[in-house]
Amino acid sequence: MTAARITVSTSARVGTIDRRVFGSFVEHLGRCVYDGIFEPGHPSADGQGFREDVIALVRELGVTAVRYPGGNFVSGYRWEDGVGPKEQRPVRRDLAWHSTETNQVGLHEFAHWNAKAGSEPMLAINLGTRGELEALDLVEYTNLPTGSALSDQRAANGSEEGFGVGMWCLGNEMDGPWQLGHRDAVDYGKLASRTAKALRQLQPDLQLVVCGSSNSQMPTFGTWEREVLEQSYDDVDFISAHVYYQPVDGDVDSFLASAVDMDRFIDVVGSTIDHVKAEKRSEKQVFISFDEWNVWYQQRYETVEKIAGLGNWPKAPRLLEDVYTVTDAVVVGSLLISLLKHADRVKAASLAQLVNVIAPIMTEPGGPAWRQTIFHPFAITSRLGRGEALRAEVSGPTIRTARFGDVQAVDSVVTHDDEAGTAAVFLVNRSRTDPITVDVALHGFGALTITETATLADDDPDAANTIEDQDRVAPAANDSAAIAAGVLTITLPPVSWTAVALSIEA
Ligand code: AHR
């Protein structure tokens with residue numbers, strides 16, 4: 001048994017946790033929308049065809065905001081196709097995923113679903129194949145009070161009131177050569193700036209997200225952020241970051257340390273924001289919207305699943321339906337720790353995606369909906385991770401990784417909600433062989449009691465939840481936890497993620 005020590009103080013504040021960091025993402029991709037959230041024939045479908053069993057799981061997951069409708073999909077999307085009488089909506093070829101889009105779900109249906117799911121909508125604008133005028137039209141249709149052509153059209157289509165969407169993404173992954181309308185950073189930065197200025201003439205208080213890099217391995221990473229922000233800094237509120245992790249060539253130790261990459265990613269983008277802010281002598285603070293992140297076995301998509309062929313455009317194909325293991329859930333839990341550790345920089349984030357497509361929730365047409373392993377760390381962190389994020393200083397055993405060198409086996413963040421009188425400690429043990437007993441010295445909180453513990457671990461790190469065995473993997477109470485004189489002691493099994501909820505005596 002090895003040991004680690006963590007020191008935390010209420011004065012070591014990183015920043016206030018914006019609830020939007022517990023966002024997710026619904027793209028018109030595979031079975032995320034059709035045969036996912038929307039399945040009119042399903043026994044649990046509501047009057048508009050949305051599955052209530054899925055909505056209940058989305059609520060349990062604690063999703064606070066949902067990005068929609070893409071993703072790569074948005075760069076070929078005409079939002080007008082998805083409004084008006086359903087029987088008149090055009091059927092299109094979606095070039096991003098080589099699928100058929102029926103447009104039976106669009107803006108009104110998404111707003112209906114989103115309200116039931118209890119989340120805030122976050123819409124993406126097509127800046128791949130469209131420009132400022134279509135963006136203006138979309139915002140007018142979505143948000144403006146009636147009295148103009150498009151807001152009146154919305155009312156005629158059944159929504160007198162606007163949808164009140166505050167957060168808008170100015171395109172998607174425009175640095176990626178795979179993106180329809182891909183362009184270089186200066187070109188895109190100028191377009192984003194012009195679009196943002198135009199949109200603010202319509203509605204000044206929008207919160208706008210300019211596209212950052214698609215991942216930290218992009219050859220333009222860093223330069224892209226600087227050049228885009230140099231064109232758009234004062235026009236936008238967020239720059240996006242996207243990342244997906246998978247084990248490469250069976251290197252599980254590096255995979256378990258993926259959060260080290262996420263930490264560095266956020267630090268680089270944060271420094272670049274500060275650099276451009278200084279260059280521009282700007283008073284404004286731009287934040288990071290980490291609006292796509294997850295584990296994704298991308299190799300499988302590239303080599304096995306990708307659809308092609310002139311006559312082959314399936315509807316709602318099974319794409320990107322990764323089945324997540326315990327190890328994947330531990331990585332997801334550690335990525336959540338990374339996001340909270342950067343609560344000063346990251347003010348919005350979206351677990352990509354929500355249902356069926358690299359998702360915490362799976363469904364079967366006509367059948368059940370169930371929780372994947374990654375559901376659990378997300379749901380628990382969203383429920384307990386409130387208030388301020390506090391820096392946790394960790395010292396303990398290290399693990400040698402091929403990709404990141406020596407990394408701490410244990411990583412942690414602590415959250416503190418002074419008003420509610422609660423705190424939570426989140427921990428990950430990346431060791432594949434050793435349980436680690438951790439002492440967490442909690443300074444400045446007053447008298448603490450443990451109210452809940454949850455550890456996700458399994459003798460089989462490859463165990464997963466499937467339609468046949470939907471609850472094979474679930475968190476369990478960690479009976480090793482004890483607290484005395486402000487020191488929490490807990491044993492973390494190998495490859496595990498843990499949360500401890502604490503109550504502070506008044
Ligand atoms: O989430 C799947 C895809 O990953 C998104 O459509 C795209 O933005 C990213 O490359």
Side-chain angles (χ1 to χ4, degrees), residues 23-34 36-37 63 65-77 93-99 101 110 122-129 167-183 188 192 209-221 224 228 238-246 258 262 265 288-307 316-322 324 328 332 335 348-362 372 374 378:
S24 187
F25 177 30
V26 166
E27 177 167 5
H28 285 245
L29 191 184
R31 296 194 307 126
C32 187
V33 173
Y34 306 107
I37 61 171
V63 168
V66 177
R67 182 168 176 253
Y68 174 86
N72 296 339
F73 170 80
V74 83
S75 292
Y77 184 52
R93 299 304 185 208
D94 160 30
L95 303 184
W97 303 105
H98 213 277
S99 306
E101 173 56 53
F110 174 69
M122 175 181 175
L123 292 184
I125 291 170
N126 176 358
L127 285 189
T129 52
M167 206 162 162
W168 295 81
C169 304
L170 300 169
N172 178 69
E173 293 190 350
M174 300 304 299
D175 62 326
W178 58 85
Q179 199 69 217
L180 277 173
H182 156 69
R183 56 199 80 200
Y188 166 67
V209 187
V210 75
C211 292
S213 292
S214 302
N215 62 69
S216 60
Q217 306 307 304
M218 294 299 286
T220 49
F221 175 56
W224 174 274
V228 165
F238 294 88
I239 182 161
S240 71
H242 290 183
V243 79
Y244 295 100
Y245 296 104
Q246 63 184 332
S258 296
M262 189 185 245
F265 192 156
I288 298 171
S289 170
F290 220 118
D291 48 42
E292 285 187 37
W293 68 271
N294 202 350
V295 170
W296 174 10
Y297 287 76
Q298 226 158 332
Q299 265 161 356
R300 189 152 57 218
Y301 170 68
E302 292 297 339
T303 54
V304 181
E305 294 183 336
K306 217 167 190 167
I307 303 166
R318 288 181 188 253
L319 280 178
L320 282 58
E321 299 202 2
D322 288 357
Y324 291 116
D328 298 328
V332 164
L335 297 174
S350 310
L351 174 70
Q353 297 192 3
L354 186 57
V355 179
N356 289 330
V357 174
I358 42 174
I361 298 168
M362 296 300 289
Q372 291 236 54
I374 63 169
F378 189 99

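Counting convention: from 1, in listed order, for ligands and their atoms alike. Positions are given from 1 along the sequence.
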(request) Just need the protein heavy atom nearest to atom 10 (O) of ligand 1, so name the residue and atom and give the distance. (result) E173 OE1, 2.6 Å
(message) Here's one to test your reading of the geometry: is the NZ or CZ of R67 within 45 degrees of the ring axis of F25 and under 6.0 Å from its centre?
(response) yes
(request) Tell me yes or no: between the side chains of N172 and S75, is some donor less than 3.5 Å from an acceptor? (result) no
(request) For atom 6 (O) of ligand 1, find the nearest protein heavy atom and state the residue, atom name and distance (0.1 Å precision). (result) E27 OE1, 2.6 Å
(request) May I ask you to list the atoms of ligand 1 that are less than 4.0 angstrom from any heavy atom of N72? (result) 5 (C), 6 (O), 7 (C), 8 (O), 10 (O)
(message) Among all the protein's non-hydrogen atoms, which is closest to atom 1 (O) of ligand 1, and how far away is it?
(response) Y244 OH, 2.7 Å
(message) Which label fits Y301 and W97: parallel for a plane angle under 30°, tilted from 30 to 60°, or perpendicular past 60°?
(response) perpendicular
(message) Once salt bridge (charged side-chain N to carboxylate O under 4.0 Å, His left out) is applied, do any residues pair with E305, and if so which ones, sequence neighbours excluded?
(response) none
(message) Heavy-atom pairs closer than 4.0 Å: do any link ligand 1 to the side chain of W97, the backbone, both, or neither?
(response) side chain
(request) May I ask you to decide if M262's main-chain N or O and Y245's side chain share a donor-acceptor pair within less than 3.5 Å? (result) yes
(request) Mark the output for F73 as yes if a heavy-atom distance to ligand 1 is under 4.0 Å, and as no if none is. (result) no
(message) Tell me if the centroids of the rings in Y188 and H182 come within less than 6.0 Å of each other.
(response) no
(message) Students should be able to answer this: which protein heavy-atom is nearest to atom 2 (C) of ligand 1, and at what distance?
(response) Q353 NE2, 3.5 Å
(message) Tell me whether N172 has any N or O atom under 3.5 angstrom from an N or O of ligand 1.
(response) yes
(request) Could you tell me the residue and atom name of the protein heavy atom closest to atom 8 (O) of ligand 1, and the distance to it rounded to 0.1 Å? (result) E292 OE2, 2.7 Å
(message) My understanding is that only residues two or more places apart in sequence, or in another chain, count here; which of them pass ring pair (Phe, Tyr, Trp, His ring centres under 6.0 Å) with H242?
(response) none
